[in-house]
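Sequence positions, counted from 1, serve as the residue numbers for this chain. These figures come from a predicted structure and were not determined experimentally.
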Amino acid sequence: MPQREQNGGIGIMKKLRRSASATEHNLSELRKRRSSSALLDQNGVPIDLNKYRKVLDKDDNGNGNGEKKQRYRRTQSVTRAEEIQSKEEKQRKEQPDKPCHRPRDSLFSWSSGFSNFTGLVNWGFLLLTIGGFRLCLENLLKYGIRINPLDWYYFLSGTSEGHEGHASLLLILYSFVHISICLFVEKGLAMEILSEALGMFVQVLNILLVIFLPVVIIHLKGEAFSLMGASTVCLVYSILFLKLWSYVQTNMWCRQTYYLKQYNPRERRPSITVAELQNGFLGDEIDEDIPKLVQYPDNLCYKDLFYFLLAPTLCYELNFPRTTRVRKRFLLKRLLEVLFGFNVIMSLFQQWIIPSVRNSLIPFSNMEIGLATERLLKLALPNHLVWLCGFYLLFHSFLNAVGELVHFADRNFYSDWWNANNIDTFWRTWNMPVHRWCVRHLYVPVVKMGYSPAQASTIVFLISAFFHEYLVSIPLQTHKIWAFLGMMGQIPLSAVSKSIERKMGPRMGNIIVWASIILGQPLCIMMYYHDYVVTHYHDALNSTVYNEG
């Protein structure tokens, strides 16, 4: 009897497969199907699927599938629960007490699925604006209007410090000596007048002199340099160091490829037919619309090198992407932004930051934690405004204006650093020229030397920390290591921010990034101002009277 049922079941399955109306459905759909109104056999007789449910629950070999039955029962139970809930809700609505409640979560609960907090964002922005306006009004009532453009000129020119800026200008002009040495050595290497070892030794020595010459000159002749002049010299020589490094290393890569093609056996070239010779075929067809690329060593000239020095990039290439024309309206907008932004930054410095920094001297020197913290928080807002204005002024307005003037087409000077969920992402996105240089000329070569990515990242942060300290300590002639320690502290802070991002979500990681930017910089400013006064104006600590407010 069981054998007969099994054979009968197999026959039914074959009958279902041969059914004209069942050919559109596979076996799994037949198992799930409840109605048989449109399912007919070959004779037109309706097929009752419920009659053969036990057969359909078996697989093609006739074996029962307990997992499918269990899944079917679980589905039935869930459906049953939803049905009971819907019936209960329907009954409640039919009651005469007019119910108004239903199962739902609070909007601040994650399970609610609510995500529209635009009103709270507007509230926070309005509250921040009111708080900033109150601080501005307090500053005006306390100090009056301190903005004086003549003081800016005296400070920038060095006249207020008894300097005219001649020493800074001469030291900047002297950088052409290092530029010429670099170019002549590269030509000697390309013409094989110099050996590779000797040429690279001279290049390394020349590049190291670029970065250490301002240190020696400013240390020996510090009285001849104003603060702004020394800062400009250090900035110019730092950029020149990075650009010459890229220039030398890129030409070394090209030279290796050039010698490889020159001394290796000739590559096999495609044959030319007689018809092609008769038609004047000379090799690769030349498209007049495509500009001819510069090849090594034709790039070794002053014109090419000076274009690279003026281009808004730190990474050298033989053929940069170029624009075809100068957009005059775009250039005018960027220049006006530079002019307006510079005045805004100088006004914020003169009106807001300088009084706040001076008033923080005594509490910070006496280690009065409460008052020093209050001064730190008071300085955070104007300093952050200056930093944001400086970022837009430099990376968008100024670099775009320079790129437009020299027809430089790659304008990727920054990425969306404001959305960074950890410190590591922030340092990779906020300054793209420096990041691109670090990856191309430092990180990748170090990894290829056999170091791990973590070690390579540490070396990158070490070099970055050196330059941050270099740009602060040398102009101030206050040899401290606060900027160096601040940059090296980004390594553990990056690990902490990544851990917070994993555990508490990307939003909290982004808050950590913003907190480090807003609070870290004013703390560094207060520390360096204190050390600068102690080093150069020690009597100010004894004569300065702490001013409340």
Side-chain angles (χ1 to χ4, degrees), residues 211 215 227 230-231 234-235 238-239 241-242 349 353 356-357 360-361 363-365 367 369 372-373 375-391 394-395 414 417-418 420-431 433-435 437-438 442-443 454-501 509-535:
I211 202 65
V215 178
L227 178 60
S231 301
C234 291
L235 179 61
S238 298
I239 296 175
F241 172 86
L242 299 177
F349 259 108
I353 291 183
S356 298
V357 172
S360 67
L361 178 62
F364 197 81
S365 178
M367 295 303 294
I369 305 299
T373 303
R375 290 298 168 186
L376 172 65
L377 296 177
K378 192 172 183 178
L379 180 61
L381 180 59
N383 173 80
H384 190 61
L385 291 177
V386 168
W387 185 81
L388 290 177
C389 292
F391 164 79
L394 174 61
F395 289 97
Y414 55 91
W417 55 266
W418 47 86
N421 297 327
N422 54 71
I423 299 296
D424 193 39
T425 304
F426 167 76
W427 286 112
R428 290 200 308 266
T429 53
W430 94 278
N431 189 340
V434 172
H435 170 70
W437 185 95
C438 290
L442 200 57
Y443 181 84
Q455 292 173 329
S457 298
T458 303
I459 293 175
V460 171
F461 271 103
L462 187 66
I463 300 297
S464 178
F466 167 79
F467 276 101
H468 277 78
E469 190 64 54
Y470 179 87
L471 293 172
V472 177
S473 293
I474 303 305
L476 293 176
Q477 301 183 45
T478 305
H479 305 294
K480 301 295 181 179
I481 57 172
W482 306 127
F484 182 87
L485 294 178
M487 280 302 301
M488 295 306 297
Q490 300 298 307
I491 299 177
L493 184 59
S494 175
V496 171
S497 64
K498 288 181 180 179
S499 176
I500 292 177
E501 180 188 4
N510 183 256
I511 291 176
I512 297 298
V513 172
W514 279 111
S516 66
I517 297 173
I518 295 174
L519 298 179
Q521 294 174 2
L523 178 61
C524 187
I525 291 174
M526 291 169 59
M527 295 169 70
Y528 272 103
Y529 178 73
H530 171 267
D531 293 335
Y532 178 76
V533 171
V534 170
T535 303

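- Here the shortest heavy-atom pairing between Phe484 and Ala465 reads CD1-CB, 3.5 Å.
- The CH2 atom of Trp437 sits 5.0 Å away from the CG atom of Leu242 when rounded to the nearest 0.5 Å.
- Rounding to the nearest 0.5 Å places CH2 of Trp427 at 13.0 Å from NE2 of His435.
- Residues Val513 and Asn421 approach most closely at CG2-C, 4.2 Å, considering heavy atoms.
- Within the 3.5 Å criterion, the main-chain N or O of Ala420 finds a donor-acceptor partner in the side chain of Asn510.
- Although no hydrogens or angles enter the test, the distance criterion places no donor-acceptor pair under 3.5 Å between the side chain of Ser464 and the main chain of Val460.
- Atom CG in Leu442 sits 7.0 Å away from atom CD1 in Ile459 (nearest 0.5 Å).
- Rounding to the nearest 0.5 Å gives a distance of 10.0 Å between CG of Leu519 and NE2 of His384.
- Among residues two or more places apart in sequence or in another chain, the side-chain hydrogen bond (donor to acceptor under 3.5 Å, both in side chains) test is passed with Trp387 by none.
- The distance from the CG atom of Leu493 to the CE atom of Met487 is 11.0 Å, given to the nearest 0.5 Å.
- The two residues Ser497 and Ile423 make their nearest non-hydrogen contact at OG-N, 3.1 Å.
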Item checked: Ile211 vs Phe466, side-chain contact (heavy atoms from CB on, under 4.5 Å): CA-CA, chis, key distance, verdict -> CA-CA 11 Å; Ile211 202 65; Phe466 167 79; 4.2 Å; yes
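- Thr478 places no side-chain N or O within 3.5 Å of a backbone atom of Ser473 that could act as its donor or acceptor partner.
- Among all heavy-atom pairs drawn from Asp424 and Arg428, the shortest one is OD2-NH1, 2.6 Å.
- With sequence neighbours excluded, the residues forming a ring-ring contact (aromatic ring centres under 6.0 Å, His included) with Tyr414 are Phe391, listed by chain and number.
- Scanning both residues, Ser238 and Cys234, for their nearest heavy atoms gives OG-O, 2.7 Å.
- Checked against Ile512 for a side chain to side chain contact (heavy atoms under 4.5 Å, CB included), the options Ile517, Asn422, Val496, Ile500 give a single hit: Ile500.
- In this structure, CH2 on Trp514 lies 4.0 Å from CH2 on Trp417, to the nearest 0.5 angstrom.
- Nearest heavy atom pair, residue Glu469 against residue Trp482, reads OE1-N, 3.4 Å.
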